[in-house]
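This report concerns only the one structure given below.
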Amino acid sequence: MSTQHAENEEIPAQKSKRPSDSAFKQQRLPAWQPVLTARTVLPTFFVIGVLFIPIGVVLLHLSNTANEHIIDYTWCGNGNVKCSDYLEQNPGGQCNCAINFTLPKDFNGVVYMYYGLTNYYQNHRRYVKSRDDEQLLGHLSQTPSSDCTPFAFDPETNKPIAPCGAIANSLFNDSLSLSQAGSEIKLLKTGIAWPSDKRVKFRNPEGNLNVSLQDFAKPLFWQKGLADLDPENPENNGFQNEDLIVWMRTAALPSFRKLYRRLNQSEPAFANGLKAGEYTLNVKYQYPVVSFDGTKRMILSTTSVLGGKNPFLGIAYIVVGAICITLGLALLFIHVRCSRSNMEMINVNPHTQYS
């Protein structure tokens with residue numbers, strides 16, 4: 001009986017490693033392989049060169065229509081004291097300094113102010129991970145993400161930090177302003193972050209912000225709490241503070257710039273931008289960079305059709321075009337000097353000498 005039962009059982013089909021009989025897996029798909037000859041390669045090089053060089057010239061010209069003025073204020077000081085030295089002796093302190101500069105020509109259109117840092121590796125893997133995206137969405141928890149360690153809890157009060165992590169803890173906190181003839185030029189703190197970031201990635205908790213944050217500590221490096229980042233505009237506080245949002249978008253390279261302010265062009269004197277002349281950059285110096293051999297810059301810039309001033313794309317097109325034309329001429333010379341005629345190729349036989 002048991003033998004009959006065993007015979008009735010189905011024998012499982014053995015798995016085969018043979019690919020299925022399809023045109024793709026059996027490599028029967030139609031294919032085309034170009035035959036590279038002088039008649040096809042040389043025109044390609046010349047066409048690419050002829051197209052790329054004019055495009056590069058146009059891109060370079062458009063980039064040059066954007067104006068830019070850069071001031072390195074790393075070593076600015078108050079009297080005989082450099083602010084960088086003052087911060088080394090007084091960590092967490094503030095040093096005020098002013099730099100007079102001349103704008104050589106009119107900056108017409110929308111004028112943006114950026115801050116720039118060098119030798120600052122925001123692309124470090126642990127630094128990039130050190131954040132709590134749920135917290136940034138306004139979902140506050142007494143146990144922040146483990147990615148925020150060691151900036152998850154205040155060591156003195158043992159309260160969770162909001163916003164936690166190394167990125168938020170290292171928020172750029174220098175204050176930059178412009179003045180002309182002793183009168184301060186108004187700069188806008190809003191409209192500097194990506195709208196998608198502010199709408200999707202950063203939200204404040206519901207209800208009163210101060211009440212929601214009363215059981216949380218501010219980051220260790222900060223002088224102000226999360227609810228007090230912008231005392232002039234209550235809507236620009238909390239996780240939706242635009243300075244914080246801009247900083248949280250980490251840079252890919254160690255030298256970078258981030259948007260800081262926009263010129264308020266609702267005032268009649270600056271409706272068309274900044275006029276050429278004498279200005280003063282006023283700095284509340286709080287952000288230390290000398291310890292890691294970094295520098296700090298303030299950049300005033302206008303934009304073109306392509307965005308900010310960046311000649312790289314135009315130069316790249318011109319260089320690639322020039323290389324293609326040079327290679328085309330070199331290959332053409334070799335082809336003319338060393339190639340054989342059609343009759344010579346037809347008359348080749350076993351006794352033809354190799355040369």
Side-chain angles (χ1 to χ4, degrees), residues 63 65-73 76 94 96-117 171-199 202 204 209 222-224 226-249 256-287 296-310:
S63 175
T65 59
N67 297 317
E68 189 174 271
H69 190 77
I70 301 175
I71 297 175
D72 189 322
Y73 68 92
C76 78
Q94 175 181 306
N96 298 330
C97 63
I99 300 175
N100 297 318
F101 67 95
T102 302
L103 213 57
K105 56 184 177 180
D106 294 346
F107 276 38
N108 296 320
V110 182
V111 180
Y112 298 96
M113 177 188 283
Y114 300 81
Y115 59 85
L117 299 175
L171 175 68
F172 182 81
N173 62 349
D174 279 359
S175 295
L176 308 176
S177 61
L178 291 177
S179 61
Q180 187 178 40
S183 178
E184 185 174 350
I185 299 172
K186 188 173 182 181
L187 302 173
L188 301 176
K189 300 179 180 180
T190 56
I192 59 175
W194 288 22
S196 59
D197 283 355
K198 191 170 184 180
R199 186 176 61 253
F202 296 84
N204 283 333
L209 186 60
W222 289 19
Q223 278 77 40
K224 300 178 182 177
L226 184 62
D228 305 314
L229 292 177
D230 188 355
E232 300 175 1
N233 182 5
E235 299 296 323
N236 192 33
N237 280 317
F239 297 113
Q240 290 198 308
N241 176 265
E242 297 203 20
D243 284 329
L244 174 64
I245 295 174
V246 169
W247 180 257
M248 294 296 291
R249 181 171 282 276
F256 59 87
R257 63 178 63 179
K258 292 179 183 285
L259 186 56
Y260 181 69
R261 295 290 181 263
R262 294 184 299 126
L263 178 67
N264 182 12
Q265 295 183 276
S266 62
E267 298 182 3
F270 305 105
N272 296 321
L274 288 175
K275 300 294 183 183
E278 301 292 328
Y279 294 88
T280 301
L281 171 64
N282 302 297
V283 181
K284 293 181 180 178
Y285 199 113
Q286 296 176 287
Y287 203 76
K296 299 190 288 188
R297 296 167 295 157
M298 185 281 299
I299 303 107
L300 289 174
S301 177
T302 60
T303 57
S304 65
V305 178
L306 301 175
K309 189 180 183 69
N310 187 357

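This chain uses plain numbering: 1 for the first residue, then up along the sequence.
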Given salt bridge (Lys or Arg N to Asp or Glu O under 4.0 Å), test Glu242 with Arg261 step by step and report yes or no.
-> CA-CA 10 Å; Glu242 297 203 20; Arg261 295 290 181 263; over 6 Å; no

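- Side-chain contact between Glu267 and Lys186: present, with at least one pair of heavy atoms (C-beta onward) separated by less than 4.5 Å.
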Given side chain to side chain contact (heavy atoms under 4.5 Å, CB included), test Met113 with Ile299 step by step and report yes or no.
-> CA-CA 6 Å; Met113 177 188 283; Ile299 303 107; over 6 Å; no

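- Separation of atoms CG (Leu103) and CG (Asn67) is listed at 8.0 Å; rounding is to 0.5 Å.
- A distance of 6.0 Å separates CG in Leu281 from CZ in Phe101, rounded to the nearest 0.5 Å.
- For Asn237 (side chain) and Asp230 (main-chain N/O), a donor-acceptor pair under 3.5 Å exists by modelled atom type.
- For the pair Asn96/Tyr285, no side-chain contact is recorded, criterion being any heavy-atom separation below 4.5 Å from C-beta on.
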So Tyr114 and Arg297, side chain to side chain contact (heavy atoms under 4.5 Å, CB included) or not? Walk me through it.
-> CA-CA 8 Å; Tyr114 300 81; Arg297 296 167 295 157; over 6 Å; no

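- Rounding to the nearest 0.5 Å gives a distance of 7.5 Å between OG of Ser177 and CG of Leu187.
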Between Thr190 and Asn233, does a side chain to side chain donor-acceptor pair (under 3.5 Å) hold up when you go through it step by step?
-> CA-CA 9 Å; Thr190 56; Asn233 182 5; 5.3 Å; no

In sequence, state the C-alpha distance, the side-chain angles, and the governing distance for Tyr287 and Phe172, and then conclude on ring-ring contact (aromatic ring centres under 6.0 Å, His included).
-> CA-CA 6 Å; Tyr287 203 76; Phe172 182 81; 5.2 Å; yes

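- There is no side-chain donor-acceptor pair under 3.5 Å between Asn100 and Glu278.
- Between Pro231 and Lys224 the shortest heavy-atom distance is CD-NZ, 4.4 Å.
- Between Phe270 and Asn264 the shortest side-chain heavy-atom distance does not fall below 4.5 Å.
- Side-chain contact between Gln265 and Leu188 is absent, with no heavy-atom pair separated by less than 4.5 Å.
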Check step by step if salt bridge (Lys or Arg N to Asp or Glu O under 4.0 Å) holds for Lys296 and Asp72.
-> CA-CA 6 Å; Lys296 299 190 288 188; Asp72 189 322; over 6 Å; no

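- Residues Ala66 and Gly307 approach most closely at CB-O, 4.4 Å, considering heavy atoms.
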Phe107 and His69: CA distance, side-chain angles, deciding distance, side chain to side chain contact (heavy atoms under 4.5 Å, CB included) verdict | CA-CA 10 Å; Phe107 276 38; His69 190 77; 3.9 Å; yes

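- A donor-acceptor contact shorter than 3.5 Å is absent between the side chain of Ser179 and the backbone of Gly182.
- In this structure the side chain of Arg262 reaches within 4.5 angstrom of the side chain of Ile192, judged on heavy atoms.
- At a threshold of 4.5 Å between non-hydrogen side-chain atoms, the residues Tyr112 and Tyr260 do not count as touching.
- Here the CD-CG distance, from Gln240 to Leu229, works out to 12.5 Å after rounding to the nearest 0.5 Å.
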Take Leu263 and Ile185, measure what side chain to side chain contact (heavy atoms under 4.5 Å, CB included) needs, and give me the verdict at the end.
-> CA-CA 8 Å; Leu263 178 67; Ile185 299 172; 3.5 Å; yes

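- Ser301 and Glu68 get closest at one heavy-atom pair: OG-OE1, 4.2 Å.
- Note: Asp243 CG to Lys189 NZ = 7.5 Å, rounded to the nearest 0.5 Å.
- At least one donor-acceptor pair closer than 3.5 Å links the side chain of Ser63 to the backbone N or O of Asn310.
- For the pair Tyr115/Lys258, a side-chain contact is recorded, criterion being any heavy-atom separation below 4.5 Å from C-beta on.
- Ile245 and Ala193 get closest at one heavy-atom pair: CG2-CB, 3.8 Å.
- Looking at Leu274 and Asp106, their side chains never come closer than 4.5 Å, going by heavy atoms from C-beta outward.
- The CD1 atom of Ile99 sits 10.0 Å away from the OG1 atom of Thr280 when rounded to the nearest 0.5 Å.
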